Amino acid sequence: MFIQTVDTPNPESIKFLPGRPVLTSEITGDSSNTTGFYVTHTDKADIARSPLAKLLFTIEGVKGVYLGADFVTVTKTAEYSWSHIRTLVFSSIMDHYASGKPALTSTPEVTDTTILEDDDEVVAMIKELLESRIRPAVQEDGGDIRYVGFEPESGIVTVQLAGSCVGCPSSSVTLKNGVENMLMHYIPEVTCVESLEEEEGEDGEEETEKLISADEKKAKSYEERLHAAGIPFSD
C-alpha cells in the first residue's frame, strides 16, 4: 500500500491519500454527502463511530482528523513534530485497511472501554485511563487489558488480561505496581484492582497458583528492599 502526502496551507495539517476510498456513499448512506467527517480528540462519541479516527487518536499529538472521499487530513498540536507523527499516521492508516473495517460506521463501535450513558463519573474515568494511558503500554508488550467492572461499595476494579499477559509470571506485579497505582492516584474511589482469571483445569489452576505465589514473594522482597533503602513503597 502506497500512501501519498500533500501539504496544506496549515502547517499543522497534512493530507494523506491512501490510494483507496475512505468515505463512500455505502459508508455514509448518502450519495450526495460531500462534507466528509471531522472529529477532534475531545469528541469521544464521534471517535467511537470511526475505527480509523480511533486508531489515529492513539498517536500522541494528534488533535483533529478529517475523513474525505479519498483522503485523510490529520491535524497535530504545535508542540509535536511531523517527523515523529507522520510515520505513525502511515502505520495507523495501513493497520486500518488491513483490518477490513469501514472508516466510519452509522453507530458507535462499542468496546469494553466505551463510555456508556449510564456510566457514572468514576466508571467513565476508569475507562478513559485504561483506554488512553494503560492499554497502549500493555499492548506494546503484546498483551491487552480489558475493563470488566467496578464495585462502588468496595472500590474494586476488575479487569481481564489477554495476549502475552495471560500466564505471565510478572503480570500480578505489573497489575499492582502499575495499573492499580495509576488508577488509585487519579481516582480516589478506587481501592484495588483485581484480574479476572480464565477458567483452567486443575493442573492449570495449580500452576497459576504457583506463579501468583512466586510473584507475591517477589513483590514482598521488592518492598523489603525499598524499605531498607528508605524509599517509600505504595501498596
Side-chain angles (χ1 to χ4, degrees), residues 1-20 22-23 35-99 101 103-105 108-109 111-115 119 121-145 147 174 177-188 190 234:
M1 183 177 184
F2 180 69
I3 302 173
Q4 294 179 291
T5 60
V6 178
D7 291 336
T8 72
N10 180 358
E12 309 301 344
S13 298
I14 288 182
K15 185 177 179 181
F16 295 81
L17 296 94
R20 301 181 186 182
V22 179
L23 286 186
T35 59
F37 176 79
Y38 177 67
V39 62
T40 67
H41 70 283
T42 59
D43 302 326
K44 303 300 183 184
D46 286 334
I47 292 173
R49 291 182 53 210
S50 174
L52 175 54
K54 188 174 181 180
L55 273 178
L56 292 169
F57 279 114
T58 62
I59 302 171
E60 193 170 359
V62 170
K63 183 172 70 172
V65 173
Y66 179 81
L67 307 180
D70 61 354
F71 68 90
V72 179
T73 298
V74 176
T75 303
K76 68 175 183 65
T77 54
E79 59 265 30
Y80 287 86
S81 169
W82 278 118
S83 60
H84 170 69
I85 292 181
R86 188 191 305 252
T87 302
L88 298 177
V89 172
F90 283 148
S91 177
S92 292
I93 293 175
M94 292 176 69
D95 287 345
H96 166 72
Y97 280 98
S99 74
K101 295 180 180 179
L104 182 66
T105 62
E109 184 181 29
T111 67
D112 60 298
T113 51
T114 298
I115 298 175
D119 285 340
E121 184 179 356
V122 174
V123 171
M125 290 177 65
I126 291 170
K127 288 182 174 181
E128 176 67 21
L129 279 173
L130 283 172
E131 178 67 23
S132 63
R133 301 287 296 276
I134 297 171
R135 173 167 278 161
V138 174
Q139 289 179 338
E140 284 185 4
D141 291 330
D144 198 3
I145 184 169
Y147 173 80
T174 301
N177 296 346
V179 179
E180 183 176 276
N181 283 353
M182 176 174 284
L183 290 180
M184 290 175 62
H185 175 77
Y186 288 102
I187 309 172
V190 174
S234 175

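Predicted model, so just to flag it, every value in this text is computed and none were measured.
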[X] to [Y] - nearest heavy-atom pair and separation:
{"X": "Arg49", "Y": "Phe37", "result": "NH1-CE1, 3.8 Å"}
{"X": "Phe57", "Y": "Thr40", "result": "CZ-C, 3.5 Å"}
{"X": "Val39", "Y": "Ala53", "result": "CG1-CB, 4.0 Å"}
{"X": "Leu56", "Y": "Val62", "result": "O-CG2, 3.5 Å"}
{"X": "Leu67", "Y": "Ser50", "result": "CD1-OG, 3.6 Å"}
{"X": "His96", "Y": "Lys101", "result": "CE1-O, 3.1 Å"}

Is there a side-chain contact between [X] and [Y] in this structure, where contact means two heavy atoms from C-beta onward sitting under 4.5 Å apart?
{"X": "Val22", "Y": "Tyr97", "answer": "yes"}
{"X": "Ile134", "Y": "Leu183", "answer": "yes"}
{"X": "Lys76", "Y": "Val89", "answer": "no"}

Between [atom1] on residue [X] and [atom2] on residue [Y], distance to nearest 0.5 Å:
{"X": "Arg135", "Y": "Lys127", "atom1": "CZ", "atom2": "NZ", "value": "11.0 Å"}
{"X": "Glu128", "Y": "Ile126", "atom1": "CD", "atom2": "CD1", "value": "12.0 Å"}
{"X": "Thr8", "Y": "Ile14", "atom1": "OG1", "atom2": "CD1", "value": "7.5 Å"}
{"X": "Ile3", "Y": "Arg86", "atom1": "CD1", "atom2": "CZ", "value": "11.5 Å"}
{"X": "Lys15", "Y": "Asp70", "atom1": "NZ", "atom2": "CG", "value": "7.0 Å"}
{"X": "Leu55", "Y": "Met94", "atom1": "CG", "atom2": "CE", "value": "13.0 Å"}

Point to revise | Partner residues of Ser13 under the side chain to side chain donor-acceptor pair (under 3.5 Å) criterion, sequence neighbours left out | key: Asn10, Thr75
Check your understanding: Going by an N to O cut-off under 4.0 Å, is there a salt bridge joining Lys63 and Glu12?
Key ->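 Salt bridge: no.
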Check your understanding: Does Ala124 offer a backbone N or O that forms a donor-acceptor pair with the side chain of Asp119 under 3.5 Å?
Key ->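 A pair under 3.5 Å: no.
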Practice item. Over 60° means perpendicular and under 30° means parallel, so classify the ring planes of Phe90 and Phe16, tilted if in between. Key: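 Geometry flag for Phe90 against Phe16: perpendicular rings.
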**Study point:** Check: Asp95/Ser92 side-chain N/O donor and acceptor closer than 3.5 Å
**Key:**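 No, no side-chain donor-acceptor pair sits under 3.5 Å.
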